[in-house]
Amino acid sequence: MPELPKDYDPKIAEPKWERFWEEQGIHVHEPTPQSVTIDTPPPTVSGRMHIGHASSYAQQDFYARFHRMRTGGKVFFPFGTDDNGLATERLVERTKGVKSSRMSRKDFRELCMQTIRELKPEFVADWKRIGMSCDFSRTYSTIDHRAQATSQRSFLDLFRKGLVFRQETPVSWCPLCQTAIAQAEFENVEMQSTFNDIAFSCEGEPLVIATTRPELIPAVVAIAAHPDDARYAGLAGKKATVPLSGHEVPIVFDEKVEMEKGTGIMMVSTFGDKDDVEKWYKHSLPLRVVFTRDGKLNALAGRYEGLTIKEARKQALEDLKAQGLVLQSRQITHAVNVHERCGTEIEFLKTPQWYIRVLDRKEELLEAANGIAWHPPHMKVRYDHWVENLGWDWCISRQRSFGVPFPVWHDKRDGTIHVADESQLPVDPFVDKPSSVPQAEWEHLEPETDVMDTWATSSVTPQIALGWNDDPERAERLLPMTVRPQAHDIIRTWAFYTIVKSLSMHGTVPWRNIAISGFVTDPHGKKMSKSKGNVVAPQDMIEKYSADAIRYWAAGAKLGDDIPYQEKELVSGKKTATKLWNASRLALASLEGYAGFDGAHADLETADRWLLGRLGALVAACTRAFEEYDHTRAKFALEQFFWNDLCDNYLEIVKGRLYEPKQPRERASAQFALLNALETVLKLLAPFMPHVTEEIYAHLPAADEQGGKARSIHLSAWPLAQQSWRDEEAERVGADMVRVIEAVRKHKSAKAMSMGAPVGALRVRSPADLSAVKADLLSVTRAASLEWEEGEFSVEIG
RNA sequence: GAGCCCGUGGUUUAGCGGUAUAACGUUGCCUUCACACGGCAAAGGUCCCCAGUUCGAAUCUGGGCGGGCUCACCA
């Protein structure tokens, strides 16, 4: 019998098994329509993995490993990294000390590619090191050729369906990043601001308007009041004169003006915010743009030209004060939309952009979400809410350089748009030419300079992973995928955009299930962030406690629930692994000479049938929990069984029969139950603790696995919930037996006796007949004798 | 301003109609015979508050209070 060494060292064993899995291709799987397919989130290459990643990816891996065992290896679990777009540009600028604006597009793109190549191996290593069972042999990047081709093909598909359009319209703009951004990239920040009452004039009469943005006064195109506001009814048809610049603007009436706010009458400029944009459209107002793309003021702003928005704000206010036009100023705190990546206040700029239609498809998008099972169900509300409140179509163009290029050229002569042919993807319009256009015409073409939003590509992760670009029909047979695991912060982006794309491209939802994980917070439930300095490096924790311990901790967090991170909680995973190791050591050592139990289930000793009955219930509970994405319930049930039933009670009960059997048969009975329990517990625990269970599994006797032992526990068959193991009578007897053991322990503890110390005669009364387990009870309690009679439970110890 | 989630011993948490689960921590005892990274035992809870439904509520309903998250508010 293969003996287990005394100690288990995860520092050696874990990397060893990770190499084994990879070398043996344990997780490699070519998907078929019967496969369980997982739309793994590609993490953004950014330094290193953090503890939040560790926990949410561990949770995904639980399902992958469970289903892999259940389906005999038919789990498609791809891995990719997201490494294009603004986040990557910023990473490259930071680590290389460069500015993209000072480099050529070509050089910057090359530097980005090179930087990713440098950082990626170490970055991906962290994912392997927490035991992710992804198929790393097909790791993709959202900027590699296949991803670019897939993204471009998706664009062409939508373009040909009329779901993509190009329009010059006011768009949310980040003056720092100098690009358009989408609604989903807004972040709200409370800011201090000054609300100023400014005197405009109307036919010689003062007209007081409150604003926080005096620098926008030169951009004012109208004054607006509520149609029901009696104070301003008389202004109908009149013109107001704008201070500083002196131009005249019409007075319009609009229900959206709040009468109670400020002075009840407001200026409309092009553009201060979303409402200005709305009024501009609604009242067909002229355009007076005072900003440039980099957030400075232009010639139309007169003497403010060249100042930044903030400088101009200050200067304009001073000028107005000097002219006595500021009647009142008060400090207020108000919410301002900023760009989530850089914190810069968002402006609106009329520029040509590419959009995907979503606004007129809200119904369809809401309906689609009903076709996906949300885990937990309440997370769907966030999606619904987002869709209901969409204010813009999805702007997918970015005025940046490191992204997937649009497969588009413009004809200089008449602006005609030419797109690439599907067969030539991926294309870079700076380098390639559209095959549909005769060569003679190429000189008239100029490339589309914008690149796509990173979400325009990460929204096709199912298609990238399933190889849709190479074989669309096959990929479509594999859709929808089984599950999308992701965190709740990107429901409005990643989940939403993926649904938009899949509906548009294939007319189906991208996945049948979506499993939303929570966040790891600091011990007080606050978000972790670099700025708060409360981030935790999982690498250190792996070193200290093992990857299995971190995974075990992550298994304690329900889907959707945030987990407060407390280092001490990693201890329990480590202890569980050690306990498992030691229990296995005992079990394997006591299997010496075991050649199977020759008999039917009913021939097993009662205590053994009790254990197997409990085990059967455990298997059923764990299986159902995993099927329902409720890993915490599986963990809880396992923990109970393993520590209480198996270790504390059963192992103590059968030691006598294992070490000093009165007859070989009672020993074989215990060995049968013990081996089954051990093997089953290992398998049920394998999704949570893949390394230590693999190490122990390798030492299990080969003969006892039905159908032979698998190469890896992770390819072994998930245990069946054996109905034949359930045994009501044995479970009733077992329960009372445990009560007797507890009573004796309590007695010994009260007398300060060792648990191994002998006691005198036991007189036991209990509802269940304990005569069948008398020998086991005498052995575990070390009692001199035992007398049993039926009755209300009681134990007397002589 | 709106929505969603949560509120159980010092901390984290299970249960979700019959007064409560476990871990960590605390205290005491126990080391030949898998494990002191262990075992046993003890102390510690008006299950946020109020009202209702019910024979009975931590569990259901309504209303508060507190925390977290999300969306809106940007003149």
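Numbers restart at 1 for each chain; the letters A, B, ... are given by sequence-line order, proteins then strands.
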Asker: Which pairs count as salt bridge (charged side-chain N to carboxylate O under 4.0 Å, His left out) when at least one residue sits in residues 271-281 of chain A, sequence neighbours excluded?
Answerer: A:Lys256-A:Asp275, A:Lys256-A:Glu278

Asker: Roughly, in whole Å, what's the span from NE2 in A:His378 to P in B:C69?
Answerer: 14 Å

Asker: Mind checking A:Glu258 for me? I need base, sugar-phosphate or nothing, with any heavy atom below 4.0 Å counting as a touch.
Answerer: base

Asker: Determine the contact category for A:Val257: base if any of its heavy atoms lies under 4.0 Å from a base atom, sugar-phosphate if only primed atoms, P, OP1 or OP2 are that close, otherwise nothing.
Answerer: base

Asker: Shortest non-hydrogen contact from A:Met755 to A:Lys748?
Answerer: O-NZ, 2.9 Å

Asker: Quick one: is A:Lys635 getting a side-chain N or O under 4.0 Å of the B:A22 phosphate, OP1 or OP2?
Answerer: no

Asker: Any ion pair linking A:Glu185 and A:Arg492 (charged N to carboxylate O, less than 4.0 Å)?
Answerer: no

Asker: Between B:U12, B:C71, B:U21, which nucleotide has the shortest distance from any of its atoms to the side chain of A:Gln566?
Answerer: B:U12

Asker: Between protein and nucleotides 27-32 of chain B, what N or O pairs are separated by less than 3.5 Å?
Answerer:
| residue | atom | partner | partner atom | Å |
| --- | --- | --- | --- | --- |
| B:G28 | N2 | A:Ser749 | OG | 3.4 |

Asker: Show the distances under 3.5 angstrom between N or O atoms of the protein and N or O atoms of nucleotides 66-68 of chain B.
Answerer:
| residue | atom | partner | partner atom | Å |
| --- | --- | --- | --- | --- |
| B:G68 | OP1 | A:Lys526 | NZ | 3.0 |

Asker: In whole Å, what is the span from the CH2 atom of A:Trp553 to the P atom of B:U13?
Answerer: 12 Å

Asker: Could you tell me whether the phosphate oxygens of B:C24, OP1 or OP2, come under 4.0 Å of any side-chain nitrogen or oxygen in A:Lys575?
Answerer: yes

Asker: Does B:C4 have its OP1 or OP2 closer than 4.0 Å to a side-chain nitrogen or oxygen of A:His488?
Answerer: no

Asker: Taking atom types as modelled and ignoring hydrogens, do the side chains of A:Asp630 and A:Thr632 form a donor-acceptor contact shorter than 3.5 angstrom?
Answerer: yes

Asker: Please evaluate the base of B:C35 for a donor-acceptor partner in the side chain of A:Lys579 within a cut-off of under 3.5 Å?
Answerer: yes

Asker: Listed by chain and number, what are the side chain to side chain donor-acceptor pair (under 3.5 Å) partners of A:Thr578, not counting sequence neighbours?
Answerer: none

Asker: Distances for protein N/O vs nucleotides 14-19 of chain B N/O pairs under 3.5 angstrom?
Answerer:
| residue | atom | partner | partner atom | Å |
| --- | --- | --- | --- | --- |
| B:A14 | OP1 | A:Lys558 | NZ | 3.4 |

Asker: Tell me what A:Thr578 touches on the nucleic acid: a base, only sugar-phosphate, or nothing, going by heavy atoms under 4.0 Å.
Answerer: base

Asker: Is a donor from one side chain sitting under 3.5 angstrom from an acceptor on the other, for A:His226 and A:Asp254?
Answerer: no

Asker: Between A:Asn188 (CG) and B:C71 (P), how many Å, whole number?
Answerer: 8 Å

Asker: With sequence neighbours excluded, give me every salt bridge (charged side-chain N to carboxylate O under 4.0 Å, His left out) pair touching residues 546-575 of chain A.
Answerer: A:Asp61-A:Arg551, A:Lys544-A:Glu567

